[in-house]
Amino acid sequence: QVQLVESGGGLVQPGGSLRLSCAASGFTWDYYTIGWFRQAPGKEREIVATINWTGSSTYYADSVKGRFTISRDNAKDTVYLQMNSLKPEDTAVYYCATHLSGPMSVSSSYGYWGQGTQVTVSS
C-alpha cells in the first residue's frame, strides 16, 4: 500500500521554527518532484514549496520565501520542510504530495498525498 506520512507539526509561537517531514512507504519516490501544500479552514489549498528529484531545483511561494527551506533525502524516501520565523498566517494543515503532470503549483497536478500535519502559530 502506498502511503505518504507527514510529521513534525504542532503548536509554536510567532517567530518560532518547526521542521516537517514527509516519509514514503510502499513505493520509491526517487525521480519525483515533491510538493508541500497547505490549507487553512475556509481557504483554498495553496502551494508552499517544491523540490525536484536531485534537490537542485526548488520553488517557494512568495509568502514563504526567505523563511522556509525544502530539502530531501532520497536514500530515506523523506522530504523535509524547515519553517523559520513562523507567522500566525502560516497556520494550516500541511500536506506533501508527488507531482505527476501539469503545472507544479496546482494541486490537481499531484497524485499521492499524505494525511496532513497541523501547524498552529499562535501566542
Side-chain angles (χ1 to χ4, degrees):
Q1 182 177 358
V2 174
Q3 288 189 319
L4 276 64
V5 179
E6 301 96 337
S7 62
L11 175 65
V12 65
Q13 294 184 355
S17 298
L18 287 172
R19 188 177 75 158
L20 306 183
S21 298
C22 176
S25 64
F27 75 109
T28 299
W29 64 7
D30 292 5
Y31 310 111
Y32 278 100
T33 289
I34 306 298
W36 281 99
F37 289 79
R38 67 186 183 186
Q39 187 167 23
K43 297 183 178 180
E44 294 184 10
R45 185 165 48 186
E46 64 177 358
I47 188 69
V48 176
T50 67
I51 187 167
N52 74 337
W53 80 275
T54 66
S56 62
S57 180
T58 58
Y59 162 84
Y60 297 94
D62 288 342
S63 60
V64 306
K65 285 181 180 177
R67 300 188 298 120
F68 291 10
T69 302
I70 189 170
S71 61
R72 68 190 298 167
D73 185 342
N74 289 336
K76 298 180 179 179
D77 282 345
T78 302
V79 174
Y80 304 96
L81 185 69
Q82 178 67 45
M83 305 186 295
N84 298 326
S85 301
L86 283 162
K87 304 174 180 180
E89 50 264 45
D90 295 318
T91 296
V93 177
Y94 284 71
Y95 302 90
C96 63
T98 58
H99 182 261
L100 294 179
S101 63
M104 291 174 55
S105 63
V106 177
S107 61
S108 61
S109 299
Y110 292 74
Y112 297 125
W113 290 81
Q115 85 290 346
T117 185
Q118 176 71 233
V119 172
T120 302
V121 184
S122 176
S123 298

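Residue numbers count from 1 along this sequence. Basis for what follows: all heavy atoms, side chains included, without hydrogens, waters or symmetry-related copies.
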Between side-chain atoms of residues 40-49 and protein atoms elsewhere (two or more places apart, or another chain), which donor-acceptor pairs fall under 3.5 Å?
{"unit_1": "Arg45", "atom_1": "NH2", "unit_2": "Ser107", "atom_2": "OG", "d": "3.4"}
{"unit_1": "Glu46", "atom_1": "OE2", "unit_2": "Arg38", "atom_2": "NE", "d": "2.8"}
{"unit_1": "Glu46", "atom_1": "OE2", "unit_2": "Arg38", "atom_2": "NH2", "d": "3.3"}

message: So if I apply the side chain to side chain contact (heavy atoms under 4.5 Å, CB included) rule between Phe68 and each of Asn84, Leu86, Leu20, which one comes out positive?
response: Leu86
Side-chain heavy-atom pair [X], [Y] within 4.5 angstrom cut-off:
X      : Y      : answer
Ile70  : Tyr59  : no
Met83  : Val12  : no
Tyr94  : Cys22  : no
Leu100 : Tyr112 : no
Gln118 : Thr91  : yes

Distance check, rounded to the nearest 0.5 Å: [X] atom [atom1] versus [Y] atom [atom2]?
X     : Y     : atom1 : atom2 : answer
Thr69 : Leu81 : OG1   : CG    : 8.0 Å
Tyr31 : Asn74 : OH    : CG    : 8.5 Å
Glu6  : Cys96 : CD    : SG    : 4.0 Å

Which heavy atom of [X] sits nearest to which heavy atom of [Y], and what is that distance?
X      : Y      : result
Tyr32  : Arg72  : O-NH1, 2.7 Å
Gln115 : Val5   : OE1-CA, 3.5 Å
Ser17  : Gln82  : CB-NE2, 4.0 Å
Pro103 : Ser109 : O-OG, 2.6 Å
Thr50  : Met104 : OG1-CE, 3.6 Å

When you group the ILVMFWY residues by side-chain heavy-atom contacts below 4.5 Å and let the links chain together, are [Y] and [X] in the same group?
X     : Y      : value
Tyr80 : Leu18  : no
Trp53 : Tyr60  : no
Val93 : Val121 : no
Leu4  : Tyr95  : no

message: Has Thr78 got a side-chain atom pairing as donor or acceptor with Lys76's backbone, closer than 3.5 angstrom?
response: yes
message: Quiz question: by atom type and distance under 3.5 Å, do the side chains of Thr33 and Asn52 form a donor-acceptor pair?
response: no
query: With a 6.0 Å cut-off on ring centres, are Phe37 and Tyr110 close enough?
result: yes
task: Using the salt bridge (charged side-chain N to carboxylate O under 4.0 Å, His left out) rule, take Lys87 and Asp90 through it: C-alpha gap first, then chi angles, then the decisive distance, then the call.
output: CA-CA 5 Å; Lys87 304 174 180 180; Asp90 295 318; over 6 Å; no
message: Counting only heavy atoms from other residues, nucleotides and ligands, does the tally under 6.0 Å from CD of Gln13 exceed 12?
response: no
